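Notes follow the structure.
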Amino acid sequence: MVKICCIGAGYVGGPTMAVIALKCPAIEVAVVDISVSRINAWNSDQLPIYEPGLDAVVKECRGRNLFFSTDVEKHVQEADIVFVSVNTPTKTRGLGAGKAADLTYWESAARMIADVSKSDKIVVEKSTVPVKTAEAIEKILTHNSKGIKYQILSNPEFLAEGTAIQDLFHPDRVLIGGRETPGGQKAVQALKDVYAHWVPEDRILTTNLWSAELSKLAANAFLAQRISSVNAMSALCEATGADVTQVSYAVGKDSRIGPKFLNASVGFGGSCFQKDILNLVYICECNGLPEVAEYWKQVIKINDYQKSRFVNRVVSSMFNTVSNKKVAILGFAFKKDTGDTRETPAIDVCKGLLGDKARLSIYDPQVTEDQIQRDLTMNKFDWDHPVHLQPMSPTTVKQVSVVWDAYEAVKDAHGLCILTEWDEFKTLDFQRIYDNMQKPAFVFDGRNIVDAEKLRDIGFIVYSIGKPLDAWLKDMPAVA
Ligand code: NAD
Ligand code: UDX
């Protein structure tokens with residue numbers, strides 16, 4: 001029986017390994033982590049992450065050929081294939097701080113593999129890493145090898161949160177990069193054989209190591225760039241009376257462009273896009289390519305601009321001050337169908353409104369009060385360092401209350417901001433909401449999910465990203 005061990009039981013390690021275990025009953029899969037609380041949660045009925053369809057997959061395999069454990073060394077020692085899916089956050093200090101990937105967690109995992117291994121292993125980079133990381137890992141392993149042979153593969157993960165299980169069941173592609181030596185190609189084939197249990201062969205792409213590593217950064221940069229492009233257009237739409245939904249539909253109809261990932265929003269969030277683009281920028285700078293670095297940096301700049309533009313719109317519409325006004329925040333997760341708040345645009349929007357002394361009442365169906373308080377008090381880039389290493393901040397933001405009901409959040413509020421596109425927000429009773437709000441009542445739709453005309457008929461003043469402005473908003477211009 002082939003044995004797989006995955007180091008890192010997070011948003012990637014957990015779901016990917018659960019799906020491998022489901023699709024390959026003859027393979028034993030152990031997912032290990034240094035976080036005791038995470039592993040306990042994986043072994044309980046309350047999984048540590050919310051992901052549609054994940055519960056069923058885990059229930060079917062756990063205890064059969066899928067195991068979650070904190071005994072990292074034992075499972076690494078026994079495995080033929082070791083996936084490394086630890087976090088690779090942005091460095092917060094030292095060389096490259098604020099841009100470069102922090103490979104501390106990766107390196108300590110690699111050193112531990114070298115320490116405990118007693119048999120040859122294939123080591124798979126599942127984490128997103130800077131191009132050429134495999135070379136560094138190879139050096140750590142071979143300089144400590146005690147005669148053991150290692151093959152390093154790059155197998156970046158392309159799943160998106162909220163749709164992870166479907167993405168893993170039906171991937172657009174699986175990418176495997178390896179050394180172009182007989183040993184390297186044998187390892188590539190071994191990993192191909194795992195995926196071939198359910199992924200059609202023509203969707204399993206093989207490349208050299210550096211292409212696989214770089215393709216992951218490139219794919220995220222291209223996706224984020226589409227969002228920044230449409231968000232840049234949304235600002236121009238508001239200035240000219242064009243409608244961004246109509247513009248992106250017309251643009252996306254060009255088969256060379258395609259319709260996906262063209263939804264204007266309050267800004268993209270999530271643990272990957274910003275981190276990976278900053279990483280790409282840093283690599284370009286280190287390779288003497290400042291023009292290329294500058295090009296990709298702009299994707300982040302537009303994203304920051306979009307978030308601050310939204311805050312400015314809220315404040316300027318409400319007579320240029322939200323001081324002591326209650327503002328309801330519907331949605332805090334970075335997208336629907338996840339409880340993940342890493343780099344969510346809601347953090348910047350809330351901090352912006354708090355900076356203008358608003359009182360916030362926040363509701364998200366999947367995010368806890370502790371998490372929201374932690375996010376609003378944490379320093380930039382600290383979030384991606386393992387949760388168990390982050391003490392709960394002793395301070396809480398007093399102007400913030402977190403409630404478990406949308407109607408409670410909006411009661412007596414002056415304004416309401418929609419920051420996540422949860423389906424349940426589309427079917428709220430907006431007449432009831434209007435009746436319970438201060439007047440004039442404002443809706444700021446950061447996801448373009450409400451029917452603005454219907455809400456205007458009720459009496460709301462409505463701002464939708466990239467849509468023609470009502471007279472009220474035209475009279476209260478926001479300066480970004
Ligand atoms: P995560 O923070 O949810 O999980 C990482 C886990 O690794 C944590 O539970 C942490 O405790 C554990 N860990 C860290 N060092 C360890 C060590 N030495 N030994 C054992 N466990 C250790 O992160 P994630 O979202 O799963 O992302 C993991 C990687 O995958 C990152 O490089 C990320 O960029 C990449 N990625 C993420 C996504 C996504 O949607 N989240 C998608 C594709 C790729
Ligand atoms: C992303 C990539 O899609 C995935 O391939 C990679 O493996 C990890 O990073 P994820 O961050 O989980 O996945 O979600 P994604 O669906 O890409 O959304 C990222 C952000 O962009 C969210 O905040 C989302 O709301 C926003 N977004 C997405 C838009 O604002 N407009 C869009 O059209 C699409």
Side-chain angles (χ1 to χ4, degrees), residues 5-16 31-39 41-42 48-49 51 69-70 72-73 75-76 83-90 101-113 125-130 133 155-164 167-168 171-172 216-217 219-224 226-231 234 248 252 259-276 279 303 306 331 333-338 340-346 383-389 419-421 446-448 465:
C5 173
C6 175
I7 305 175
Y11 285 88
V12 169
T16 47
V31 191
V32 297
D33 203 293
I34 44 179
S35 165
V36 176
S37 59
R38 262 209 167 164
I39 291 298
W42 279 111
I49 61 176
E51 190 60 59
S69 170
T70 49
V72 181
E73 298 186 357
H75 289 285
V76 168
F83 285 83
V84 184
S85 185
V86 300
N87 36 324
T88 48
T90 305
D102 183 345
L103 293 178
T104 314
Y105 306 101
W106 230 107
E107 186 174 334
S108 91
R111 287 186 186 278
M112 187 270 300
I113 296 171
E125 289 176 347
K126 194 48 141 171
S127 302
T128 304
V129 290
T133 297
N155 172 221
E157 184 49 58
F158 294 99
L159 67 77
E161 290 176 30
T163 53
D167 294 344
L168 289 164
D172 286 346
K216 173 64 197 176
L217 295 179
N220 274 353
F222 276 49
L223 288 167
R226 280 175 76 95
I227 304 170
S228 279
S229 295
V230 77
N231 281 345
S234 76
S248 62
K260 292 183 184 167
F261 256 68
L262 287 179
N263 290 325
S265 66
V266 59
F268 60 73
S271 63
C272 294
F273 284 171
Q274 175 171 288
K275 162 176 86 73
D276 294 347
N279 188 353
N303 199 46
Q306 189 74 346
F334 81 97
K335 63 188 278 198
K336 73 171 181 175
D337 292 336
T338 178
D340 195 353
T341 61
R342 294 179 291 177
E343 280 299 334
T344 175
W383 51 269
D384 201 15
H385 296 264
V387 275
H388 45 96
L389 297 179
L419 300 185
T420 313
E421 72 282 19
R447 297 291 184 168
N448 287 351
I465 305 267

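Here the structure is a predicted model, which means the values were calculated and not measured. As the structure lists them, so they are numbered: ligands from 1, and atoms in each ligand from 1.
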To which protein heavy atom is [atom] closest, and what is the distance rounded to 0.1 Å?
atom	value
atom 17 (O) of ligand 2	F261 CZ, 3.1 Å
atom 29 (C) of ligand 2	I227 CD1, 3.6 Å
atom 1 (C) of ligand 2	F273 CE2, 3.5 Å
atom 20 (C) of ligand 2	G269 O, 3.5 Å
atom 12 (O) of ligand 2	E161 N, 2.8 Å

Heavy-atom nearest neighbour of [atom] within options [options]:
atom	options	value
atom 15 (N) of ligand 1	I113, L159, V86	V86
atom 32 (O) of ligand 1	I39, T16, N220, T88	T88
atom 16 (O) of ligand 2	Q274, E421, K275, K335	K335
atom 41 (N) of ligand 1	E73, E161, K275, E125	E161

Subset of ligand 2 atoms that lie under 4.0 Å from at least one heavy atom of [X]:
X	answer
C272	8 (C), 9 (O)
S265	29 (C), 30 (O)
K216	6 (C), 7 (O)
N220	2 (C), 6 (C), 9 (O)
L159	4 (C), 5 (O), 6 (C), 7 (O), 8 (C)
E157	7 (O)

Looking only at side-chain N and O atoms, does [Y] offer a donor or acceptor that is under 3.5 Å from a partner on [X]?
X	Y	value
T88	K275	yes
T104	D102	yes
S127	E157	no

[Y] backbone acceptor or donor facing [X] side chain under 3.5 Å:
X	Y	answer
T133	V129	no
S234	I465	no
N220	D276	no
D340	R342	yes
W42	A9	yes
K335	G162	no

Mind checking whether [X] contacts ligand 2 via backbone (N, CA, C, O), side chain (CB onward), both or neither, at a 4.0 Å heavy-atom cut-off?
X	value
R447	side chain
N263	both
L223	side chain

List every atom of ligand 1 that sits less than 4.0 Å from any heavy atom of [X], numbering the atoms from 1 in the order shown and giving each element.
X	value
S85	5 (C), 28 (C)
Y105	15 (N), 18 (N)
S108	18 (N)
G10	1 (P), 3 (O), 4 (O), 26 (O)

Ignoring angles and geometry beyond distance, decide whether [X] reaches within less than 3.5 Å of ligand 1 through its nitrogen or oxygen atoms.
X	result
V32	no
D276	no
R38	yes
E157	no
S35	no

Would you call D33 a ligand 1 contact, heavy-atom distance under 4.0 Å?
yes
Tell me whether ligand 1 is touched by R342 - counting only heavy atoms on the residue side and a distance under 4.0 Å.
yes
Classify the contact between [X] and ligand 1 as side chain, backbone, both or neither, using a heavy-atom distance cut-off of under 4.0 Å.
X	value
S271	side chain
C272	side chain
K216	side chain
I7	side chain

Taking Q306 as the fixed residue, which of N231, I227, V230 is the one that meets the side-chain contact (heavy atoms from CB on, under 4.5 Å) rule?
N231
Which pair of heavy atoms, one from [X] and one from [Y], lies closest together, and at what distance?
X	Y	value
S85	V12	OG-CG1, 3.4 Å
Y11	R38	CE1-NH2, 3.9 Å
E161	F334	OE1-CE2, 3.3 Å
T70	S35	CG2-O, 4.2 Å
L103	P130	CD2-CD, 3.9 Å

Please say whether F158 places an N or O atom under 3.5 Å from an N or O atom belonging to ligand 2.
yes
Is it the case that ligand 2 has an N or O less than 3.5 angstrom from some N or O of F334?
yes
Any side-chain heavy-atom pair from L168 and T16 closer than 4.5 angstrom?
yes
Quick one: do V84 and I113 satisfy side-chain contact (heavy atoms from CB on, under 4.5 Å)? Show the steps, please.
CA-CA 10 Å; V84 184; I113 296 171; 4.0 Å; yes
